[in-house]
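Just below is one structure, and these are the notes that go with it.
Quick note on labels: first sequence line is chain A, next is B, and so on, each numbered from 1.
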Amino acid sequence: MISFQTNPAAYQHWQLAFEGPVARLRMNVKEDGGLMPGYELKLNSYDLGVDIELYDAVQRLRFEHPEVKSVILESAKERVFCAGANIRMLGGSTHVHKVNFCKFTNETRNSIEDASEFSGQRYLCAITGTAAGGGYELALAADHIMLVDDGNASVSLPEVPLLAVLPGTGGLTRLVDKRKMRRDLADVFCSIEEGVKGQRAVDWRLVDEVVVSSKFQEAVDERAQAIAGGSDRPDNESGIELEPLEIGGDETHLHYPHLDLSVDRATRVATLILKGPTASVPDDLAAAKVQGCHFWPLALIRELDSALLHLRTNEPETGTLIFKTQGDAEQVAAYERFLLQHRDDWFIREILLYLKRTLKRIDYTSRSTFAFVEPGSCFSGFLADILFAVDRSYMLEGQFEGDDRPAPTIRLSELNFGPLPMGNGLTRLETRFLGEPDTLEKARSLIGESLSAEAAADAGLVTFALDDIDWEDDIRFLLEERASYSPDALTGMEANLRFAGPETMETKIFGRLSAWQNWIFQRPNAVGEQGALKCFGTGERPHYDQKRV
Amino acid sequence: MSEQTTEMTPTIEVNYADKIPNNVNLSEDRRLQRAMEKWQPEFIDWWKSMGPDGFQDAEVYLRTAVGADPKGWAVFDYVKMPEYRWGILLAAKEEGRVIPFGKHKGEPAWQEVPGEYRSMLKRLIVIQGDTEPASVEQQRYLGKTCPSLYDLRNLFQVNVEEGRHLWAMAYLLQKYFGKDGREEAEALLDRRSGDEDKPRILGAFNEKTPDWLSFFMFTFFTDRDGKMQLESLAQSGFDPLARTCRFMLTEEAHHMFVGESGVSRVIRKTLERMQEAGITDPNEVDAVRALGVVDLPTLQRKVNFHFSVTLDLFGAEVSTNAANAFNAGIKGRFREDRIEDDHQLLNDTYPVLRHVDGELKVVEETALNAINARLLDDYITDATAGVKRWNKLFEGSGVDFEISVPHKAFNRRVGEFADLHVDPEGNLLSAEAWQEKSAQWLPSQADEDYLLSLMKPVTEKGKYADWIAPPKVGIDKKPGDFEYVALT
């Protein structure tokens with residue numbers, strides 16, 4: 001079982017150092033520290049284990065270090081920045097592992113960009129050696145890229161010529177979409193194995209500046225200070241420590257304080273029950289900060305994030321995820337008002353941004369996702385957004401026989417109308433009602449109201465409202481039918497239906513680039529016995545099937 | 001080892017009427033001619049600014065290559081170095097040559113660069129090419145402290161020939177690699193040895209060569225790496241590279257001769273003085289230094305340093321790049337043509353010393369991935385043979401001493417042993433133990449200062465500095481008091 005829990009004291013591959021408003025995140029990958037046996041992580045190449053630590057570091061920089069306003073991403077190794085994903089690891093991995101690995105690295109790169117864009121914590125990448133493949137893709141996630149001009153340091157995306165795969169962790173997309181490099185030059189760049197260095201790297205928009213060795217560190221420090229100057233993060237506040245999550249139970253029944261996850265491996269269905277707050281809203285911001293990582297919204301998001309990653313990585317055959325909630329909707333609404341009231345505070349802002357990223361993990365999950373709205377649930381505000389993230393939602397109309405809890409309701413809040421956009425830049429409701437602006441407006445008018453199943457179905461906010469006569473059978477049909485379909489076809493269908501509306505860099509990365517990469521990952525030219533990934537490092541040349549498809 | 005000299009009147013097969021001497025029909029390749037004629041003045045500028053300092057107007061008795069036949073390929077005459085006829089010379093083309101190893105073994109050798117190996121070839125040529133001007137830069141101030149005109153001339157011979165080797169690589173880049181190649185050829189003139197901002201590519205070529213013992217050690221140990229690399233590239237399936245390197249090897253032999261004979265002469269002088277003074281214990285360093293010669297323990301430390309730094313030039317012992325280059329038919333093994341195996345190595349293994357579970361152990365690696373390890377072993381054998389010849393000088397001298405090369409894991413910065421601390425015998429040490437003892441094994445600042453104190457120029461015909469014996473025979477069979485360099 002792969003665990004995503006770690007902390008700086010346990011890092012094998014990264015070093016964090018702090019100098020006032022500037023943090024240094026230094027990559028120093030331990031060669032024999034691979035997550036699995038069979039490969040050595042040479043030249044700062046990485047596997048999922050390296051990225052798990054990077055993700056943890058990015059999260060902690062945001063929450064635990066409010067004083068940090070710029071982060072220098074650099075290598076602790078001489079003459080090499082990062083050689084990208086470890087090729088022997090890729091060559092030896094299952095398709096599932098490769099895809100999940102790439103997805104997580106993509107999400108982590110995105111979380112770096114999210115910090116630069118929204119958290120006032122901007123990333124500066126200082127490249128003092130070769131940044132190849134995923135190494136340059138990592139650099140591309142930074143806001144500002146500096147390259148030492150020493151005749152050696154270079155950036156490259158050699159995947160196509162060397163490995164017969166793509167720079168698939170956002171590389172191709174970020175060249176032309178983020179850095180707005182000319183596509184013909186990008187084509188040239190992607191076929192130069194040894195990459196580009198010096199002034200040409202600036203001319204081609206691959207990096208923002210080049211500086212000679214003798215002045216490089218000074219220039220980086222100055223740039224980091226300058227970047228830090230534009231931040232609105234506080235100077236003297238204490239951070240919020242992200243304590244280890246309390247996880248009980250076993251592999252198929254994980255119990256967190258605010259979330260229960262149970263996996264039925266026979267039916268391949270997992271149920272996640274998200275629990276509302278047990279304590280009332282803190283009196284003020286200071287009190288919320290004292291609660292720190294136990295402050296209910298943050299605690300719940302961390303647990304949801306953890307559960308989703310666990311399901312993705314450790315339960316690959318669990319094809320259907322059911323989301324339920326349990327708790328007092330009034331309390332949830334009160335917390336939401338608190339979040340909205342203090343949204344300009346750095347801590348609350350971080351919580352909302354983290355919530356946004358975690359809801360995106362649901363959007364991007366390669367499983368069928370359903371939400372069931374039952375008595376005792378609390379689908380209010382941001383929890384209601386889960387109803388719009390999943391593939392279908394089912395709401396009980398009335399009560400269950402023999403259960404005297406009242407009929408369930410749902411409730412919208414301002415959080416459903418802006419702060420939590422999907423990867424396509426729209427809210428889930430905007431995406432849902434892409435062809436029905438009036439319905440969207442009507443939904444907005446319902447903010448704060450407790451909506452019964454009938455009202456919710458009427459407003460288009462749930463897929464089906466069922467009474468207790470139909471509930472049990474319909475749900476059983478749904479799950480059995482879903483379980484009988486091809487997992488591949490379902491993943492493809494769902495991923496294509498979820499992201500209506502405009503393309504963004506993010507949707508291109510997760511849709512177009514990842515889809516192509518995942519196709520190439522299945523093809524013999526990459527992974528066959530004579531494919532490039534298998535041949536890499538043996539000195540043998542790959543043998544390609546020359547048909548263009 | 002004896003120097004290659006002209007045994008007969010050479011047949012001139014190089015067209016010296018051309019602006020650029022060559023045996024590649026340059027006048028018929030207008031595009032290349034234009035490119036090389038543009039590069040030539042840039043090269044001369046580089047030579048004037050980075051070549052031997054203070055001797056650009058001296059008349060130097062140099063050999064100039066005039067043909068590619070190893071029996072008579074050069075003529076000797078006085079020449080001012082900036083007017084040296086650098087040119088393009090390839091060994092004769094072998095009709096019907098086939099690729100001798102790797103995946104394409106048996107196919108006709110390539111006369112053009114195969115597209116799929118373009119990057120790999122270019123990288124190898126750039127790295128090889130970068131070392132040539134680097135050593136000229138490293139040695140540019142040595143002339144000022146020359147121990148004799150004979151040595152001064154040898155230094156300059158080495159320098160101009162390194163310059164010609166740069167020409168050889170620049171020719172390949174310009175002729176076969178298009179626009180990229182031209183840019184790389186220019187970049188070879190832009191980098192500077194030891195410059196923090198634009199260093200030469202390989203570490204050893206950014207080290208200083210402050211004194212003549214360092215120069216001799218460099219030409220003995222580090223130029224020998226050049227020999228191994230050239231021998232491997234001389235096997236290349238890319239025929240122009242193979243022919244270029246074969247001819248470069250003819251010249252390279254002199255460089256190692258300068259190193260080997262130079263160190264021999266230092267030892268001879270030291271032994272001579274020790275015998276005169278009745279000193280038999282080589283460890284009486286102060287007494288030996290009082291005689292104004294190089295003490296033997298310091299010599300050993302210089303050997304340790306130059307040997308270990310040179311080993312780093314071979315790259316990682318277990319290397320994917322080397323495997324790719326071999327399988328592609330681009331870079332072979334040392335004297336591939338004399339090795340008896342299938343020359344493809346798909347199912348072979350090679351024993352490689354590795355660091356496993358806290359100890360140094362021999363591990364069988366796939367032979368393809370162990371190409372560098374094998375070349376390193378071949379190098380060590382070759383260098384050790386030369387050291388043995390030095391050791392013969394001690395026989396019957398009354399001084400009980402033997403020079404040895406350190407263990408291959410000693411003092412390494414690149415490859416398998418980069419992060420380890422290993423003594424010259426091959427024992428693993430803690431970082432603390434290394435700190436404590438490394439001064440015994442590597443030259444100290446005091447050693448370097450002492451060597452520098454010996455470096456007083458001697459430029460009188462037939463005279464030699466007190467720390468070095470005269471050569472047994474002169475260059476081009478000239479007598480010892482021949483005016484090898486006419487200073488102005």
Side-chain angles (χ1 to χ4, degrees), chain A residues 28 30-32 39-40 42-43 45 77-80 83 86-88 91 128-130 132 148-154 156 158 160-164 188 190-200 210-219 530 532 535-544, chain B residues 101-104 114-124 126-127 130 179-180 183-184 187-188 190-192 195-203 206 316 318-331 344-346 355-357 366-371 413-416 418-419:
Chain A
N28 193 10
K30 194 173 161 217
E31 286 195 6
D32 57 358
Y39 52 86
E40 287 179 344
K42 289 189 176 172
L43 302 171
S45 61
K77 291 192 162 56
E78 269 183 49
R79 293 172 72 87
V80 58
N86 187 277
I87 306 306
R88 290 189 189 223
T128 49
T130 47
V148 69
D149 187 7
D150 65 352
N152 167 60
S154 64
S156 64
V160 170
L162 278 187
L163 305 169
V188 175
C190 293
S191 50
I192 305 177
E193 278 170 42
E194 71 272 26
V196 169
K197 53 198 171 192
Q199 184 58 34
R200 176 175 293 172
V210 287
V211 183
V212 295
S213 296
S214 53
K215 304 203 172 72
F216 190 72
Q217 286 311 331
E218 195 188 328
Q530 291 187 298
C535 287
F536 187 82
T538 65
E540 290 182 52
R541 296 287 291 185
H543 181 80
Y544 295 141
Chain B
F101 57 89
K103 180 183 162 189
H104 303 283
E116 62 179 321
Y117 302 131
R118 186 172 178 279
S119 296
M120 197 194 291
L121 259 171
K122 193 178 72 181
R123 191 166 58 235
L124 285 172
V126 166
I127 290 174
D130 194 63
K179 183 162 177 283
D180 268 9
E183 287 171 6
E184 291 288 4
L188 290 174
D190 282 342
R191 288 185 283 269
R192 292 285 180 271
D195 186 319
E196 190 189 352
D197 289 338
K198 39 183 182 176
R200 293 290 170 187
I201 297 171
L202 298 173
N206 290 303
V318 176
S319 159
T320 300
N321 284 340
N324 288 339
F326 182 87
N327 192 54
I330 299 296
K331 184 178 176 188
Q344 292 190 309
L345 308 180
L346 294 180
H355 182 237
V356 188
D357 303 331
T366 58
L368 271 178
N369 281 305
I371 293 286
R413 296 283 176 273
V414 173
E416 190 64 26
D419 300 325

>> At a 4.5 Å cut-off on heavy atoms, which part of Gln344(B) comes close to chain A: side chain, backbone, both, or neither?
In response: neither
>> Let me confirm one number: the CZ-CD distance from Arg541(A) to Glu116(B), rounded to the nearest 0.5 Å.
In response: 4.5 Å
> When rounded to the nearest 0.5 angstrom, what distance separates CZ in Arg191(B) from CG in Asn152(A)?
Replying inline: 9.5 Å
>> Please evaluate residues Thr320(B) and Arg88(A) with respect to the criterion side-chain contact (heavy atoms from CB on, under 4.5 Å), reporting the C-alpha separation (whole Å), side-chain torsions for both, the decisive distance (0.1 Å), and the verdict.
In response: CA-CA 11 Å; Thr320(B) 300; Arg88(A) 290 189 189 223; 4.0 Å; yes
>> If you count heavy-atom pairs within less than 4.5 Å of chain A, which of Lys103(B), Arg200(B), Arg118(B), Met120(B) leads?
In response: Lys103(B)
> With the threshold set at 4.0 Å, does a side-chain nitrogen-carboxylate oxygen contact exist between Glu78(A) and Arg413(B)?
Replying inline: no
> Given a strict heavy-atom distance threshold of 4.5 Å, which part of Asp150(A) is in contact with chain B: side chain, backbone, both, or neither?
Replying inline: both
> Should we count CD of Glu218(A) as having more than 12 external heavy atoms under 6.0 Å?
Replying inline: no
> Can you tell me if Ser214(A) uses its side chain to pair, donor with acceptor, with the backbone of Glu196(B) under 3.5 Å?
Replying inline: no
> Is it the backbone or the side chain of Leu345(B) that comes under 4.5 Å from a heavy atom of chain A, or both, or neither?
Replying inline: neither
>> Measuring from atom CG of Asp197(B) to atom CG of Asp149(A), what distance do you get when rounded to the nearest 0.5 angstrom?
In response: 8.0 Å
> Highest number of heavy-atom pairs under 4.5 Å with chain A: which of Asn327(B), Ile371(B), Leu368(B)?
Replying inline: Asn327(B)
>> To the closest 0.5 Å, what do you measure between CD (Glu540(A)) and OG1 (Thr366(B))?
In response: 9.5 Å
